[in-house]
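Data first, discussion second: the structure below is written as structure tokens.
A, B, ... follow the sequence lines: proteins, then strands. Residue 1 opens every chain.
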Protein chains: 2
Amino acid sequence: MPKVETFNRNTVLQKATEVFHKKGYNGTSMQDLVDATDLNRSSIYNSFGSKLNMFLEVLSHYQSIYGNNFSQKLAQSYNATEAIEAIFDLYIHEIINDNDRKGCLVINCKSEMTNQEPLIKSFMEKNQDRMIAMLEDIVTKGQMEKIFNQNQAASQYALYLFSSIQGLRMTGILNKNENDLRNLTRTVLKVLY
Amino acid sequence: MPKVETFNRNTVLQKATEVFHKKGYNGTSMQDLVDATDLNRSSIYNSFGSKLNMFLEVLSHYQSIYGNNFSQKLAQSYNATEAIEAIFDLYIHEIINDNDRKGCLVINCKSEMTNQEPLIKSFMEKNQDRMIAMLEDIVTKGQMEKIFNQNQAASQYALYLFSSIQGLRMTGILNKNENDLRNLTRTVLKVLY
DNA sequence: TTATTTTTGAAACGATCATTTCATTTATAA
DNA sequence: TTATAAATGAAATGATCGTTTCAAAAATAA
């Protein structure tokens with residue numbers, strides 16, 4: 001019966017992600033999205049409902065890609081040290097490859113919209129919970145393996161690492177010196193040992 | 001000859017700061033600024049030139065207030081430990097009092113505009129240099145006083161602290177638990193000793 | 001082929017965007 | 001008081017905002 005959706009939803013989301021990432025939510029116009037996605041204005045509204053709704057899908061899409069990268073790296077690591085280093089390594093690469101200094105889409109959105117859009121706020125809360133749970137998992141394993149010390153509860157170290165990642169990502173917007181970033185990471189992780 | 005500027009420029013900047021802080025640069029309209037400052041549209045353009053120009057003045061204003069707070073705290077501290085703790089303490093209070101989760105005006109702006117506005121980018125570079133210089137100063141003193149270790153150069157520790165502050169400020173948008181934040185700060189500073 | 005359902009294109013919606021214009025008001029210096 | 005120059009108010013600028021509308025095109029199932 002129906003004419004089926006012709007465009008590839010992931011491709012469209014990828015294009016939309018690039019625009020939102022570059023210009024931010026408020027800096028992106030619907031015309032920008034029409035131009036970037038090669039979709040008709042009506043098709044966007046048919047498929048995504050509104051600009052905010054499309055952005056929320058973009059966020060989830062971006063998050064799931066990140067999540068997959070994490071899972072892949074974590075699966076490859078033999079112990080907690082490798083795991084945590086793999087994660088920071090991933091961010092350092094992200095920073096160095098971010099030539100136009102866009103920063104992190106999620107962090108940018110957190111600072112732009114958390115206090116304005118309830119749906120964004122709850123996305124950020126879930127994101128934070130998820131990140132901290134993952135980090136706490138790694139720390140707990142490291143502590144059980146006696147690789148990490150027990151000076152702090154795993155949950156506290158997880159919050160510390162979560163905070164450090166956000167700091168690293170913000171710092172990396174202007175400082176892309178790999179030595180600096182690796183040194184910074186070493187300093188952050190030192191407290192665990 | 002001339003009629004002199006009647007409004008108080010600092011008061012106007014303060015009002016404008018509140019709006020930009022709450023809504024971000026792209027989220028703030030000239031109408032918002034007219035409403036908030038009780039200034040006429042023409043007067044704003046006469047006195048500030050453009051929205052971007054007014055925002056740049058707002059940033060400087062905000063920065064100078066912060067700078068004064070820093071100087072005051074630093075003058076009151078007897079050694080490097082007290083100095084660095086005073087700074088983190090200042091941010092923790094800032095976070096806890098930020099009831100509507102606006103975050104830090106400068107950090108928000110860094111993530112929103114660094115890749116879009118050259119004038120903002122250079123402001124952020126200067127801001128980073130200034131912050132790191134201040135932190136390096138404290139670390140150097142702490143190292144000379146043998147309070148801090150010498151495992152890393154003062155400049156590297158300064159970058160680490162700068163990064164940690166940004167992380168703390170971003171984390172504080174959603175997590176306002178004072179125990180968590182103090183614990184986080186302790187963990188950050190532990191590496192110095 | 002035909003009926004059905006969705007996508008598409010183009011135009012239009014009213015609202016709002018940052019900025020400009022200009023005549024009027026206001027306050028100063030002479 | 002009078003000449004001068006800036007501040008002010010109100011309206012208008014053209015562009016762009018997010019969103020809606022609707023007839024035409026397209027693709028499927030029968």
Let me know the distance between [atom1] of [X] and [atom2] of [N], rounded to the nearest Å.
| X | N | atom1 | atom2 | result |
| --- | --- | --- | --- | --- |
| Asn26(B) | dA18(C) | CG | C1' | 12 Å |
| Met54(A) | dC17(D) | CE | P | 15 Å |
| Lys51(B) | dT16(C) | NZ | P | 15 Å |
| Tyr45(B) | dT8(D) | OH | P | 16 Å |
| Phe55(A) | dG18(D) | CZ | P | 13 Å |
| Asn40(A) | dG9(C) | CG | C1' | 5 Å |
| Phe48(A) | dT7(C) | CZ | C1' | 14 Å |
| Leu52(A) | dG18(D) | CG | P | 12 Å |

Check your understanding: If you take all heavy atoms of Val58(B) and Ala16(B), which pair is closest and at what distance?
Key ->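 That closest heavy-atom pairing would be CG2-CB, 3.8 Å.
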
Revision key, fill the gap. All heavy atoms of Tyr160(A) vs all of Thr187(A), minimum pair found to be OH-O, 4.3 Å

Review point. With a non-hydrogen cut-off below 4.0 angstrom, is Ser29(B) in contact with a base, only sugar-phosphate, or nothing?
Key: sugar-phosphate

Practice item. Would you check if the distance from the ring center of Tyr157(A) to the ring center of Phe148(A) is below 6.0 Å? Key: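 Tyr157(A) vs Phe148(A): aromatic centres not under 6.0 Å.
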
Point to revise | Modelled atom types, side-chain donor and acceptor of Asn183(B) and Gln152(A), under 3.5 Å | key: yes

Please pick, from [options], the nucleotide with the shortest atom-to-atom distance to any side-chain atom of [X].
| X | options | answer |
| --- | --- | --- |
| Gln31(B) | dC17(C), dT19(C), dT19(D) | dC17(C) |
| Ser42(B) | dT20(D), dT7(C), dT8(D) | dT8(D) |
| Ser43(B) | dT7(C), dT8(D), dG18(D) | dT8(D) |

